[in-house]
Number of protein chains: 2
Amino acid sequence: MASTPQRKGAQPGMQVNGVPYRTIFPAEDGRGVLVIDQTKLPHRFEVVRLDTVADAVRAIATMIVRGAPLIGATAAYGMALAARENAGDAFLQEAHRALIAARPTAVNLRWAADRLRALMLALPRAEREGAAYREAAAVCEDDVAACASIGRHGAALIEKARTTGRPVNILTHCNAGWLAAVDWGTALAPIYCAHDAGVDLHVWVDETRPRNQGASLTAWELASHGVKHTLIADNAGGHLMQRGEIDLCIVGSDRIAANGDVCNKIGTYLKALAAQDNTVPFYVAFPHSTIDWTMASGADIPIEERDHAEVLEIAGLDAKGGVSSVRIAPPQTQAANPAFDVTPSRLVTALITERGVCAASREGLETLYPEAAARK
Amino acid sequence: MASTPQRKGAQPGMQVNGVPYRTIFPAEDGRGVLVIDQTKLPHRFEVVRLDTVADAVRAIATMIVRGAPLIGATAAYGMALAARENAGDAFLQEAHRALIAARPTAVNLRWAADRLRALMLALPRAEREGAAYREAAAVCEDDVAACASIGRHGAALIEKARTTGRPVNILTHCNAGWLAAVDWGTALAPIYCAHDAGVDLHVWVDETRPRNQGASLTAWELASHGVKHTLIADNAGGHLMQRGEIDLCIVGSDRIAANGDVCNKIGTYLKALAAQDNTVPFYVAFPHSTIDWTMASGADIPIEERDHAEVLEIAGLDAKGGVSSVRIAPPQTQAANPAFDVTPSRLVTALITERGVCAASREGLETLYPEAAARK
């Protein structure tokens with residue numbers, strides 16, 4: 001575990017055992033990049049070092065880092081690591097290709113890699129490395145600021161849902177917490193912001209099979225921050241809504257189409273259907289880097305098919321305190337593992353971004369991002 | 001493993017490694033009752049012996065036996081075991097109470113226990129034990145015949161969904177196969193019947209967290225019978241429907257309200273919502289013993305809350321070939337575990353019973369069961 005303070009900015013952020021942490025930050029030598037290994041949580045807290053663009057690609061592909069904003073930040077630093085290795089055009093182009101191929105769905109990856117590539121290719125070779133590290137740091141700072149702002153806008157919606165006599169009950173799916181971003185998170189930022197402001201709330205945490213990011217990451221985050229929460233099977237959310245036990249849903253997103261369709265972790269669509277059927281508000285929180293203005297609707301978003309072993313085997317803490325996997329299906333059984341689904345915008349109550357809250361539609365998004373509308 | 005043939009009837013049924021098996025059957029001594037231990041599947045096939053009503057209660061409560069029809073059959077034999085212990089009124093009343101308290105949701109349990117109690121209390125004490133064993137056997141034979149008939153009626157619906165060039169793709173949730181009944185199953189009976197008639201089909205098997213009955217029981221059944229199938233996380237079904245990869249859904253039920261509302265394994269409601277949103281037919285298959293004519297709608301059906309450890313820990317085959325559990329959540333995290341939900345009849349395309357196919361409504365059910373309508 002790195003022992004130095006991880007935060008230089010003025011804003012206080014999330015902590016691990018009292019130490020401020022971001023999910024990604026430069027090593028003390030200013031060259032390597034340190035990330036929290038999210039495949040080890042909640043059982044082990046480990047920070048690993050990335051020294052090459054290949055390390056960054058591997059960290060994204062194996063989900064050492066995951067979550068759309070954090071994948072973007074890692075791609076930015078991955079381009080900087082590439083420039084340190086070889087700042088020539090060909091190497092940077094290949095680094096860009098490898099990074100955006102690491103995972104297909106989250107558009108933040110392409111957004112950040114594009115941003116760093118464009119910056120570097122416009123500069124003399126000797127200036128590229130330094131500029132790339134500065135730009136990667138700026139991508140991270142922008143993300144932290146965006147998530148903090150999402151937190152404030154979303155917290156107002158949570159405040160609105162307050163009634164006397166019981167906590168505000170919020171359902172979330174997968175992990176769109178600070179572990180999914182650089183700090184604060186997207187879906188969980190409003191929860192932290194409202195909690196810190198004294199709002200009594202309780203979070204229903206979807207387990208989020210097959211990789212259990214709810215159980216392993218969201219529950220860990222909420223427990224660490226002292227937020228009341230209860231883990232549930234992904235199957236339970238609809239029933240809880242029928243029983244009036246959920247006041248609102250907030251999820252993150254891996255890609256927002258220009259019409260407001262929401263691509264997010266597999267299973268999000270089912271919860272949005274249940275929310276609509278029970279008149280429960282369903283919010284989606286994300287920074288601008290998650291919007292894909294080139295995608296007219298969600299239908300064309302590429303859906304990653306991941307390793308089937310993620311469905312057939314489950315990892316956890318064993319009786320001896322080690323982490324091991326067990327196989328849940330008979331030997332002949334095969335699996336399918338689509339990692340994301342698309343929730344049509346008609347099921348989404350509103351979108352929460354760093355610029356505010358808007359309708360889940362092209363018109364709504366263009367209200368918040370008129371410069372994008374102007375680019376059409 | 002019992003080595004004797006398990007089937008006396010004329011109907012051929014399901015087999016395990018070439019040996020015909022039912023899920024419950026009398027031991028050779030005609031006194032004990034043998035059941036397949038479903039907590040050990042798919043990793044071990046073991047038959048355990050019940051000798052007392054307490055054994056039967058424990059087998060139901062710990063889910064050695066599960067599935068609404070099989071719980072009913074076990075309750076019937078449990079009353080027979082009670083009569084063998086002590087055929088006095090008080091003991092039988094206490095046996096009845098303990099059995100129906102073993103699990104709250106599946107109404108077949110109460111139906112069978114009521115049937116055996118009424119039979120015995122109307123007889124002289126000396127005749128009760130023999131009559132109870134005969135009646136328990138009759139409950140089982142009735143269930144086998146009902147499930148075979150459900151299979152024929154449901155297979156016709158699968159036939160109707162046939163198109164050229166690809167298999168009929170069917171989604172099922174939890175296990176409503178022969179392991180959930182005495183033989184054949186409810187939701188899976190139509191699949192076996194159509195498969196055996198040469199219909200090319202493929203089953204999407206919901207894992208069914210938290211107890212993974214899809215992975216452990218349905219996948220095992222389908223693999224054993226040679227039916228093509230693919231295991232998916234519970235989260236994936238909506239996405240597959242959006243992509244046109246599911247032609248119909250068939251699930252079982254633990255209790256059907258008089259208005260056609262369907263109580264079934266937690267998560268069923270979410271799949272019914274997705275089916276409606278994508279115009280995919282959603283069928284529910286069950287025998288008459290699952291209908292609760294006293295329940296006007298599904299809102300009042302008691303929903304079992306099971307041990308939270310079922311959510312926090314997952315059992316499977318470990319690297320050494322043993323069965324062990326791993327914990328997926330951090331130590332501070334608690335869970336909730338509602339075991340069933342209610343799917344409103346408006347989301348159900350049709351009901352499949354041993355008497356045919358009907359609309360999911362009071363009128364539909366009364367068409368098939370006019371004697372129940374007459375009793376009102």
Side-chain angles (χ1 to χ4, degrees), chain A residues 41-43 204-205 207-210 212 215-216 219-220 222-224 229-240 242 265-271 273-274 277 303 308 311-319 323-338 340-342, chain B residues 41-43 173 204-205 207-210 212 215-216 219-220 222-224 229-240 242 265-271 273-274 277 303 311-319 323-338 340-342:
Chain A
L41 287 169
H43 311 298
W204 294 104
V205 179
E207 175 184 30
T208 319
R209 286 283 293 145
N212 306 349
S216 59
W220 181 82
L222 295 173
S224 301
H229 65 285
T230 305
L231 181 66
I232 51 173
D234 299 303
N235 285 320
H239 171 70
L240 292 173
Q242 289 177 310
K265 180 58 52 193
I266 191 81
T268 300
Y269 168 54
L270 294 170
K271 295 303 144 61
L273 286 167
D277 201 45
I303 301 296
H308 299 180
V311 177
L312 298 167
E313 297 166 16
I314 299 179
L317 203 65
D318 62 28
V323 174
S324 60
S325 285
V326 295
R327 183 178 165 106
I328 59 166
Q332 312 94 313
T333 294
Q334 300 301 306
N337 188 14
F340 302 92
D341 62 22
V342 173
Chain B
L41 288 170
H43 312 298
H173 189 69
W204 294 105
V205 179
E207 175 183 32
T208 319
R209 287 282 294 146
N212 305 350
S216 60
W220 180 84
L222 294 174
S224 302
H229 65 285
T230 304
L231 181 66
I232 50 174
D234 298 303
N235 285 321
H239 171 70
L240 293 173
Q242 288 176 309
K265 181 57 52 191
I266 191 82
T268 300
Y269 167 54
L270 294 170
K271 295 303 145 60
L273 286 167
D277 200 45
I303 301 296
V311 177
L312 298 167
E313 296 166 16
I314 300 180
L317 204 63
D318 61 30
V323 174
S324 60
S325 286
V326 294
R327 183 177 165 107
I328 59 166
Q332 312 93 312
T333 294
Q334 300 300 306
N337 187 13
F340 302 93
D341 62 23
V342 173

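Proteins get letters first, then strands, A, B, ... in listed order; numbering begins at 1 in each.
- With a 4.5 angstrom heavy-atom cutoff, B/P210 touches chain A via backbone and side-chain atoms both.
- Considering only heavy atoms from C-beta on, A/K271 comes within 4.5 Å of B/L270 through its side chain.
- Pairing each heavy atom of B/I232 with each of B/W204, the nearest pair is CG2-CE3, 3.7 Å.
- Of the atoms belonging to B/P42, it is side-chain heavy atoms, and not backbone ones, that fall under 4.5 Å from chain A.
- Contact of the A/R209 side chain with the A/I314 side chain is registered, since non-hydrogen atoms from C-beta on lie closer than 4.5 Å.
- Interface check for chain A: of the options B/G267, B/S325, B/G237, B/A315, the most heavy-atom pairs under 4.5 Å are formed by B/G267.
- For A/T333, the side-chain hydrogen bond (donor to acceptor under 3.5 Å, both in side chains) criterion is met by B/H229, not counting sequence neighbours.
- Ranked by heavy-atom pairs under 4.5 Å with chain A, the list B/H173, B/Q242, B/K265 is led by B/Q242.
- Between B/E207 and A/V311 the shortest side-chain heavy-atom distance does not fall below 4.5 Å.
- Looking at heavy atoms from C-beta onward, B/T230 lies out of side-chain contact with A/H308 at the 4.5 angstrom threshold.
- Options A/P330, A/P338, A/S324, A/A223 differ in how many heavy-atom pairs under 4.5 Å they form with chain B, and the most are formed by A/P330.
- Residue contact with chain A, scored on non-hydrogen atoms closer than 4.5 Å, involves the backbone and the side chain of B/D318 alike.
- Looking at residues two or more places apart in sequence or on another chain, you find a salt bridge (Lys or Arg N to Asp or Glu O under 4.0 Å) between A/D277 and B/R346.
- Across A/D341, A/V323, A/I328, the residue that shares the most heavy-atom pairs under 4.5 angstrom with chain B is A/I328.
- In terms of non-hydrogen atom pairs under 4.5 Å with chain B, the most contact-rich of A/Q332, A/E313, A/Q334 is A/Q334.
- Of the listed residues (B/P331, B/G238, B/S216, B/A319), the greatest number of heavy-atom pairs within a distance under 4.5 Å of chain A belongs to B/G238.
- Here the shortest heavy-atom pairing between B/I266 and A/A236 reads CG1-CA, 3.6 Å.
- Comparing A/L222, A/D234, A/V342, A/V205 by heavy-atom pairs within less than 4.5 Å of chain B, the highest count is held by A/D234.
- Of the residues considered (B/L240, B/T268, B/L317, B/N337), B/L317 shows the highest number of contacts with chain A, using heavy-atom pairs under 4.5 Å.
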